[in-house]
Number of protein chains: 2
Amino acid sequence: MVRYLIEPDPGLALRDVNSPTGSRILREGIHLMDELGLEAFTFKKLAERIGSTEVTVYNYFANKQRLLQYYYQVYWLWLAVHCEQEGRLLKDPYERLCGDIRALCGIWSTDHRAGQFDPQLLRKLVVNEGAKSFLHKNVDSDNELKLFKPYKDLCAHIAAEVKACAPRLRTARSFATTLVEMSHSLEFAMEHLPALTELSAKHDRKQLAAYLIDLTDRFVHER
Amino acid sequence: MVRYLIEPDPGLALRDVNSPTGSRILREGIHLMDELGLEAFTFKKLAERIGSTEVTVYNYFANKQRLLQYYYQVYWLWLAVHCEQEGRLLKDPYERLCGDIRALCGIWSTDHRAGQFDPQLLRKLVVNEGAKSFLHKNVDSDNELKLFKPYKDLCAHIAAEVKACAPRLRTARSFATTLVEMSHSLEFAMEHLPALTELSAKHDRKQLAAYLIDLTDRFVHER
DNA sequence: GGTGCAAATATAGTAATACTATAACGGGAA
DNA sequence: TTCCCGTTATAGTATTACTATATTTGCACC
């Protein structure tokens, strides 16, 4: 098992999360946030779970949104490393793009950990709660703090591969964002609102990837 | 000025919102929720704004999520009526689909009100806060209560028109959902995260519609 | 081995939030 | 007139999201 080195923005945490306590906060926090959802998740409950106190947790993260944004960054940083490594083996940009799409859909060839996190759990959290990282009134100030940089960087990477497949295309970035967003919101729909998609039946990520690859196929191939 | 008759699920409100107080709650609520965002919005602040008390508001809606879901329903019901009316004038399914996409992007030919609401304000609220209608732990029970029916119905309507354009397509519903979702998340990106799209420059909804129509064009036309 | 210093953790408290229980009012029907 | 019901108000509670301040712990340096 390989472990990627992932370093989220140091401004997100108030203290070094590599300390024993910081590490437990991160490790248990992702499970608790996933179980309760962001609204019901509190630092008090997390403190109880790790046998510590509320204030201890507040000394590591200013609030629960920042903790979510930490996981959000880890996820996109991990995905970028994963895409980059897989892509190195492939010469054809279209093949690389298909690999990226499969990665967006959670189809991963390896069991590489994202730092101390299980990437499948990270993806589940991002699918269910990720949008709350930016869907709030502080989105502009958070954006100035570069908190969404890993997400944007991955979109830019995918846009570059779209562009490589279809150099004359003028909406590569919008299309890359479409792929990234839909890989998550269709997964949510498959799980909770199956009327929105044909892909629901088997909860099969391969179907999801196949749909997005088909979309890409039709979009990038010049006619 | 025409006013469409829009009737959200009666289970959403606890009382008849056509009463003078109910009407003021709805009318001022949308402005306050838009100004503060769902997190900072409280029934106490709304009560102060309409010169009433917190409990009065609680007697109309069980909680602020239900109020948001009320607006969410009104928006999709309104859009469905709008699409249906515009579509009646057009014979060609592809033309109807393009009209629907423009409607999704907020390009509306008329100033038809959505009940007592300004549809542009409704759309702004749905773009910024709408996802919180379903992105929570109660999504499955809310779905059983049919709270997302208007949204699903519009997706189904658009899927039917996609199918009419490309009868052999087997992912019409997923593609309809893609159009609906991206018409909102790209608008959010244009406003707050412009790195994600080329469409930002002029904040121009026509560009947004043009991108989605181009996507549709490439997707539905058989090759 | 003692001193200083900073990181880490704890105790205690506060303002606001998201409600609920219960009471009072007010206007129309029997 | 009284009963009833829709409406609004008063008062309170448990929880949340923090902050101010105190105490402990580890370890670098003399």
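Order of the sequence lines fixes the chain letters, A, B, ..., with proteins taken first and strands second; residue numbering starts at 1 for each chain.
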NZ/NE/NH1/NH2 to OD/OE distance under 4.0 Å, B:Asp34 and B:Lys124: yes
Counting heavy atoms not belonging to [X], are there more than 12 under 6.0 Å from its [atom1]?
| X | atom1 | answer |
| --- | --- | --- |
| A:Lys163 | NZ | yes |
| B:Lys45 | NZ | yes |
| B:Lys44 | NZ | no |

Round to a whole Å and report the spacing from [atom1] of [X] to [atom2] of [N].
| X | N | atom1 | atom2 | result |
| --- | --- | --- | --- | --- |
| A:Leu14 | C:dA6 | CG | P | 18 Å |
| A:Asp16 | C:dA8 | CG | P | 7 Å |
| A:Arg66 | D:dC18 | CZ | C1' | 15 Å |
| B:Asn59 | D:dC5 | CG | P | 16 Å |

Within the pair B:Thr53 and D:dA9, is there a side-chain N or O less than 4.0 Å away from OP1 or OP2? yes
Between C:dT9 and A:Ser52, is there an OP1 or OP2 to side-chain N/O distance shorter than 4.0 Å? no
Report, as a single string ordered 5' to 3', how protein heavy atoms within less than 4.0 Å touch nucleotides 14-25 of chain C: B base, S sugar-phosphate only, - not at all. ---SBBB-----
Any chance you could lay out the salt bridge (charged side-chain N to carboxylate O under 4.0 Å, His left out) test for B:Arg123 and B:Glu187, step after step, and finish with the verdict? CA-CA 10 Å; B:Arg123 181 168 188 275; B:Glu187 170 106 11; 3.1 Å; yes
Parallel, tilted or perpendicular: rings of A:Phe61 and A:Tyr70 (30°, 60°): perpendicular
Base, sugar-phosphate or nothing for A:Tyr60? Non-hydrogen atoms, less than 4.0 Å. sugar-phosphate
